[in-house]
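Throughout, residue positions are numbered sequentially from 1 according to the sequence presented. Owing to the predicted nature of the structure, the values given are computational and were not obtained by experimental measurement.
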Amino acid sequence: MATILKAQGLRAGLPTRRPTPAPSPLLRTATTPVLRSGISMTALPVHNRVIQKTVALGRRSLSVTASAATPSSPAPAKPAFKWGANMKDLGICVGIATLLWFIPPPAGVTAKAWHLLAVFIGTIVGIITTPLPLGAVAVLGLGAAMITKVLTFAEAFSAFASEIPWLIAIAYFLAGGFIKSGLGNRIAYAIVGALGKTTLGLTYALVFAEALLSPAIPSVAARAGGIFFPLAKALCLACGSDPEKGTAKKMGAYVMKTCFQTTCVSSAMFITAMAANPLAVNLAAAAGINISWGTWALAGLVPGLVALIAVPLILYVLYPPEVKDTPDAPAAAAKELAKLGPMSTNEKITAGAFAITVALWIFGGSLGINAVAAAIVGLFILLVTNVTNWKECLNNNAAWDTLTWFAALIAMAAALNKYGFIPWLSNSVVQVVGGLGLGWQGAFGIVVALYFYSHYFFASGAAHIGAMYTAFLAVATACGTPPMLAAIALGQLSNLMGCLTTYGIGSAPPYFGAGYVPQSDWLRLGAILSVFYLAVWLGIGGAWWKVIGLW
């Protein structure tokens, strides 16, 4: 019995030394008189058995009461079924592709080319509406092309052996090392310290630094993705703008969109600023129009500078950053630089790796080293020295996703040209514009607009130039456009039309893949700026070309 009472916090025969909790209502009547009596329990042997039964009964009652008061937990409900895709948007993609598939092809277009166009348009709609991640949409598009037998496996996956998608993916890996080593933060803080009183000032610093390097690095994907994208991202993160934390619009969305748009401008200004520009020069030479490096650069100087100055201001109005003035940023950046101290070993290694890579991008052509091989040299240095590691590269989802969807679109666009749809489109334009009887200015305006906006069908500037440049140059000159003016204008606009989409030029995927700018904003702003570019190049540029004697 003493054991039972001890379990209740009492000592047999003695009053309690500490307050006892109020008995359960089920126990109060049976136990309270005994506990308050002050009589030793050992003095009542006759009642021991009764008390034991009462306490035991009380315990059972307490247990029952507790069980009744606490209902048993319900069995976990089975999770409701959830689609892995936005079925409405996916249905729209499939519906558009199906509708086009069953429309009879126009005269001069084969059924195979028309069916591939249907699959391609359905995939592009999927890229825009994103019912699934972009890589998944592109793979499904390739799958549909193979199931319907408009593409073989080799044709569908041919672009995975192309240079540009891999260069973009490796640029992501290099950017990871650039940021992880701390070099990105150090350079970002230095820029903030020098120009950091306003977001606009920081952006102009990036824009003109990229433009100054553009004539020396003949790949916009390498220049933007390998050098300025990681720098811009590090700058945004250093200023507290991170899409993963919901602060993309603090400044990063504005900076990323502006830096991307101006890469299209800088690429247009110099023959050596984009890999496809020499192709346009060669095609013009085949038509008897010889364009020198200096002539191209002089023609692009005035419209290019106007665009480089104006685009950051236009986007500052159309897509403003939430944080515009940062008067305390330079002082804060100086403190952060002081905390970083001298350059670490990893920073020095990263700086050396980037210096070697950039040097190979500039001079590697004369040695037979392409841009991807140069990028791999830099990545090799970072991997061997453990600045970054292969697991981190494998976990870079944006890199692999971009590689997948960009290569898929390049493959489909190339097949459209191979099967004759793009040549048919070019010839149709030639016939229509040539039959309008317009003056050369009006005819050239139509030619330029059609050439420019047909880039929605292309995932590569080189593919677009190779497919359409010669035909559109021919119709422009046939309508009376001065040959040199037509050749340079079409060549430079072949860079600017990359502004339209997330896949139209090599600099688009890394900046878009950073996650700062939603696709709807990307396409909307690209369409608006495309009108501005055409106005500048044909208006201000046309007047400037008159001054320098192109017409």
- [ ] Specify whether Phe229 and Tyr511 have parallel, tilted or perpendicular ring planes, treating 30° as the upper limit for parallel and 60° as the lower limit for perpendicular.
- [x] perpendicular

Open item on the list: Under the criterion side-chain contact (heavy atoms from CB on, under 4.5 Å), I'd like the reasoning laid out for Leu500 against Leu523: C-alpha separation, chi angles, the key distance, then a yes or no.
Closed with: CA-CA 6 Å; Leu500 293 169; Leu523 297 174; over 6 Å; no

Task: Within-4.5 Å side-chain heavy-atom neighbours: Phe260 and Val517 - done: no

Task: Validation row: Leu100, Leu117 side chains within 4.5 angstrom (heavy atoms) - done: no

Open item on the list: Other residues, nucleotides and ligands only: do more than 12 of their heavy atoms fall within 6.0 Å of CZ on Phe380?
Closed with: no

- [ ] Mark yes or no for whether Tyr503, through its side chain, and Ile124, through its backbone, hold a donor-acceptor pair below 3.5 Å.
- [x] no

Task: Residue pair Asn370 / Ala373: nearest heavy atoms and the distance that separates them - done: OD1-N, 2.8 Å

TODO: Check whether any side-chain heavy atom of Tyr204 lies under 4.5 Å from a side-chain heavy atom of Leu313, and answer yes or no.
DONE: yes

Open item on the list: With heavy-atom distances below 4.5 Å as the criterion, would you say the side chains of Ser530 and Phe452 are in contact?
Closed with: yes

Task: Gln261 side chain near Leu525 side chain, heavy-atom distance below 4.5 Å - done: no

Task: Closest non-hydrogen atom pair between Met484 and Asn290, with its separation - done: CE-O, 3.2 Å

TODO: Nearest 0.5 Å please: distance from the CD atom of Gln492 over to the CG atom of Asn277.
DONE: 8.0 Å

Task: Spacing of Met256 atom CE and Met251 atom CE [to the nearest 0.5 Å] - done: 9.0 Å

Open item on the list: side-chain contact (heavy atoms from CB on, under 4.5 Å) for Leu534 and Leu493? Distances and angles first, verdict last.
Closed with: CA-CA 8 Å; Leu534 289 174; Leu493 290 171; 4.0 Å; yes

- [ ] Give a yes or no on this: more than 12 heavy atoms of other residues, nucleotides or ligands lie within 6.0 Å of atom NZ of Lys112.
- [x] yes

TODO: Would you indicate whether the side-chain heavy atoms of Tyr316 and Thr203 approach each other to under 4.5 Å?
DONE: no

Task: Shortest non-hydrogen contact from Ala415 toward Leu151 - done: CB-CD2, 3.5 Å

Task: Between CG on residue Asn495 and CE on residue Met269, distance to nearest 0.5 Å - done: 11.5 Å

TODO: Name all residues meeting the ring pair (Phe, Tyr, Trp, His ring centres under 6.0 Å) criterion together with Tyr533; count only those two or more places apart in sequence or in a different chain, and write none if there are none.
DONE: none

Open item on the list: Donor-acceptor check, side chain of Ser241 to backbone of Ala248, threshold 3.5 angstrom: yes or no?
Closed with: yes

- [ ] Any side chain to side chain donor-acceptor pair (under 3.5 Å) involving residues 303-315? Give me the pairs, sequence neighbours left out, ordered by first then second residue.
- [x] none

- [ ] May I ask you to decide if the ring planes of Tyr451 and Phe472 are parallel, tilted or perpendicular, using 30° and 60° as cut-offs?
- [x] tilted

Open item on the list: Rounded to the nearest 0.5 Å, what separates atom OG1 in Thr357 from atom CG in Leu174?
Closed with: 6.0 Å

TODO: Please identify each residue that fulfils side chain to side chain donor-acceptor pair (under 3.5 Å) with Tyr254, with sequence neighbours left out.
DONE: none

TODO: Start with the C-alpha distance between Arg223 and Ser266, add both sets of side-chain angles, then the distance that settles side-chain contact (heavy atoms from CB on, under 4.5 Å), and finish with yes or no.
DONE: CA-CA 11 Å; Arg223 188 172 68 251; Ser266 61; 3.6 Å; yes

Task: Partners meeting ring pair (Phe, Tyr, Trp, His ring centres under 6.0 Å) with Phe512 (sequence neighbours left out) - done: Trp522

TODO: Would you confirm whether the ring centroid of Phe160 sits within less than 6.0 angstrom of the ring centroid of Trp166?
DONE: no

Task: Separation between CZ of Phe208 and OG of Ser214, rounded to the nearest 0.5 Å - done: 11.0 Å

TODO: Can you measure from OG1 (Thr262) to CD1 (Ile309) and round to the nearest 0.5 angstrom?
DONE: 12.5 Å

TODO: May I ask you to decide if Val255's main-chain N or O and Thr258's side chain share a donor-acceptor pair within less than 3.5 Å?
DONE: no

- [ ] Return the minimal non-hydrogen interatomic distance between Ala299 and Ile488, and the atom names on each side.
- [x] CB-CG2, 3.8 Å

- [ ] For the pair Trp545 (side chain) and Trp537 (backbone), establish whether a donor and an acceptor sit closer than 3.5 Å, ignoring hydrogens and angles.
- [x] no

Task: Beyond-backbone contact of Leu379 with Cys393, side-chain heavy atoms, under 4.5 angstrom - done: yes

Open item on the list: Show the nearest heavy-atom pair for residues Lys546 and Trp551, with the distance to one decimal.
Closed with: N-NE1, 3.3 Å

Open item on the list: Once you measure the plane-to-plane angle for His455 and His464, does it fall in the parallel (<30°), tilted (30-60°) or perpendicular (>60°) bin?
Closed with: parallel

Task: Under the ring pair (Phe, Tyr, Trp, His ring centres under 6.0 Å) test, residues paired with Trp114 that sit two or more places apart - done: none

Task: Residue pair Leu298 / Trp544, side-chain heavy-atom distance below 4.5 Å - done: yes

Task: Thr477 side chain vs Pro483 backbone, donor-acceptor pair below 3.5 Å - done: no

Open item on the list: Show the nearest heavy-atom pair for residues Lys324 and Pro321, with the distance to one decimal.
Closed with: NZ-O, 3.2 Å

Open item on the list: Test of understanding: with ring pair (Phe, Tyr, Trp, His ring centres under 6.0 Å), list the residues that count as partners of Phe532, not counting sequence neighbours.
Closed with: none

Task: Verdict with supporting geometry, Thr130 and Val137, side-chain contact (heavy atoms from CB on, under 4.5 Å) - done: CA-CA 7 Å; Thr130 60; Val137 170; 5.8 Å; no

- [ ] Return yes if some donor-acceptor pair links the side-chain N/O of Tyr469 with the main-chain N/O of Ala487 below 3.5 Å, else return no.
- [x] yes

